[in-house]
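Down below is the structure, laid out as structure tokens.
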Amino acid sequence: MAETDGFFDRVYRVVRAVPEGRVTTYGAVAAAVGAPGSSRMVGWAMNKAFSHASFVPAHRVVNRQGRLTGKHAFPGQRTMQEMLESEGVRVENDQVVDFHERFWAPPSLDIK
DNA sequence: GCCCTGACGGGAT
DNA sequence: TATCCCGCCAGGG
């Protein structure tokens, strides 16, 4: 167990585990933290993530369609896309190109 | 303590 | 295949 058992902290841990140049979905993260169906909470956690001390690659988390639904939460509406492209992830029309190939499934924390 | 909202997802229509 | 509706849980008014 980690020092933090909070739902949000679990989400942060999973998101932080997303490799650079890869993306994951809210649903996948939710399932990884043992709360399948609570994908909304993941997004909520991401919003709060900006207040979090450690850096959380929230830009690597997109919805099931591979769409940058959370871009509006960044300083600039284009920041999220810029960050992704900066890591090698091509984004077109607010949507991740080859999303299925870029998708990365996070390991379940449930295992432990 | 109740009601509404919210970076979503999936099943039903 | 597109659209609608309901369910998830936490936080704020």
Side-chain angles (χ1 to χ4, degrees):
Chain A
M1 8 310 315
E3 301 74 36
T4 51
D5 299 279
F7 182 87
F8 284 56
D9 291 296
R10 287 188 190 174
V11 175
Y12 298 150
R13 199 179 311 158
V14 173
V15 176
R16 214 179 297 156
V18 179
E20 190 176 300
R22 292 283 173 175
V23 295
T24 189
T25 66
Y26 302 99
V29 175
V33 299
S38 302
S39 45
R40 282 184 172 182
M41 299 294 86
V42 178
W44 208 301
M46 293 296 96
N47 198 336
K48 192 194 171 199
F50 286 88
S51 299
H52 196 264
S54 302
F55 170 72
V56 181
H59 58 281
R60 294 178 194 155
V61 185
V62 297
N63 73 346
R64 207 212 142 328
Q65 301 173 3
R67 195 163 159 251
L68 283 58
T69 52
K71 62 171 188 170
H72 53 76
F74 287 76
Q77 270 134 45
R78 196 182 249 174
T79 307
M80 189 174 184
Q81 182 174 332
E82 293 280 318
M83 291 175 82
L84 284 172
E85 292 184 320
S86 185
E87 296 181 352
V89 179
R90 280 192 302 171
V91 179
E92 192 170 291
N93 193 17
D94 295 338
Q95 189 176 309
V96 177
V97 179
D98 296 326
F99 168 66
H100 190 65
E101 296 178 42
R102 293 285 181 178
F103 175 72
W104 179 81
S108 303
L109 298 180
D110 253 352
I111 299 174
K112 129 126 232 340

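Treat the numbers as computed from the prediction; the structure is a model and nothing was measured. Only this structure's heavy atoms are used, side chains among them; waters, hydrogens and symmetry mates stay out. The sequence lines fix the lettering, A, B, ..., with proteins before strands; numbering per chain opens at 1.
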Subject >> Residues from residues 82-99 of chain A lying under 4.0 Å of DNA chain B - heavy atoms >> reply: none
**OP:** Taking side-chain contact (heavy atoms from CB on, under 4.5 Å) as the test, write out the residues that go with A:R22, two or more places apart.
**Re:** A:V18, A:P19, A:W104
Subject >> Sugar-phosphate only, base, or nothing, as touched by A:A58 at under 4.0 Å among non-hydrogen atoms >> reply: base
Subject >> Set of residues satisfying salt bridge (charged side-chain N to carboxylate O under 4.0 Å, His left out) with respect to A:E85, sequence neighbours excluded >> reply: none
**OP:** At the 4.0 Å heavy-atom cut-off to chain A, mark where contacts on DNA chain B begin and end, going 5' to 3'.
**Re:** B:dT5 to B:dG10
Subject >> Euclidean distance, A:F8 CZ relative to A:M46 CE, rounded to 0.5 Å >> reply: 9.0 Å
Subject >> For A:Q77, all residues meeting side-chain hydrogen bond (donor to acceptor under 3.5 Å, both in side chains), sequence neighbours excluded >> reply: none
**OP:** Summarise how protein sits on nucleotides 8-13 of chain C as a single string, 5' to 3': B when a protein heavy atom is under 4.0 Å from the base, S for sugar-phosphate-only contact, - for no contact.
**Re:** BBB---
Original post:
Under 4.0 angstrom, heavy atoms only, what part of the nucleic acid is A:N63 near: base, sugar-phosphate, or nothing?
Top reply: sugar-phosphate
Subject >> Members sharing A:F74's hydrophobic cluster (side chains within less than 4.5 Å) >> reply: A:V23, A:F50, A:F55, A:V62, A:L68, A:M80, A:M83, A:L84, A:V89, A:V91, A:V96, A:F99, A:F103
Subject >> side-chain hydrogen bond (donor to acceptor under 3.5 Å, both in side chains) involving A:D94 - partner list, sequence neighbours excluded >> reply: A:K71
Original post:
Where do A:A35 and A:F7 come nearest, in terms of heavy atoms and distance?
Top reply: CB-CE1, 3.5 Å
Subject >> Which residues share a side-chain contact (heavy atoms from CB on, under 4.5 Å) with A:R64, sequence neighbours left out >> reply: none
**OP:** For A:R90, check side-chain contact (heavy atoms from CB on, under 4.5 Å) against everything at least two apart and list the hits.
**Re:** A:V97, A:D98
Subject >> Residue pairs passing the side-chain hydrogen bond (donor to acceptor under 3.5 Å, both in side chains) test where at least one lies in residues 41-62 of chain A, sequence neighbours excluded >> reply: A:H59-A:E87, A:R60-A:E87
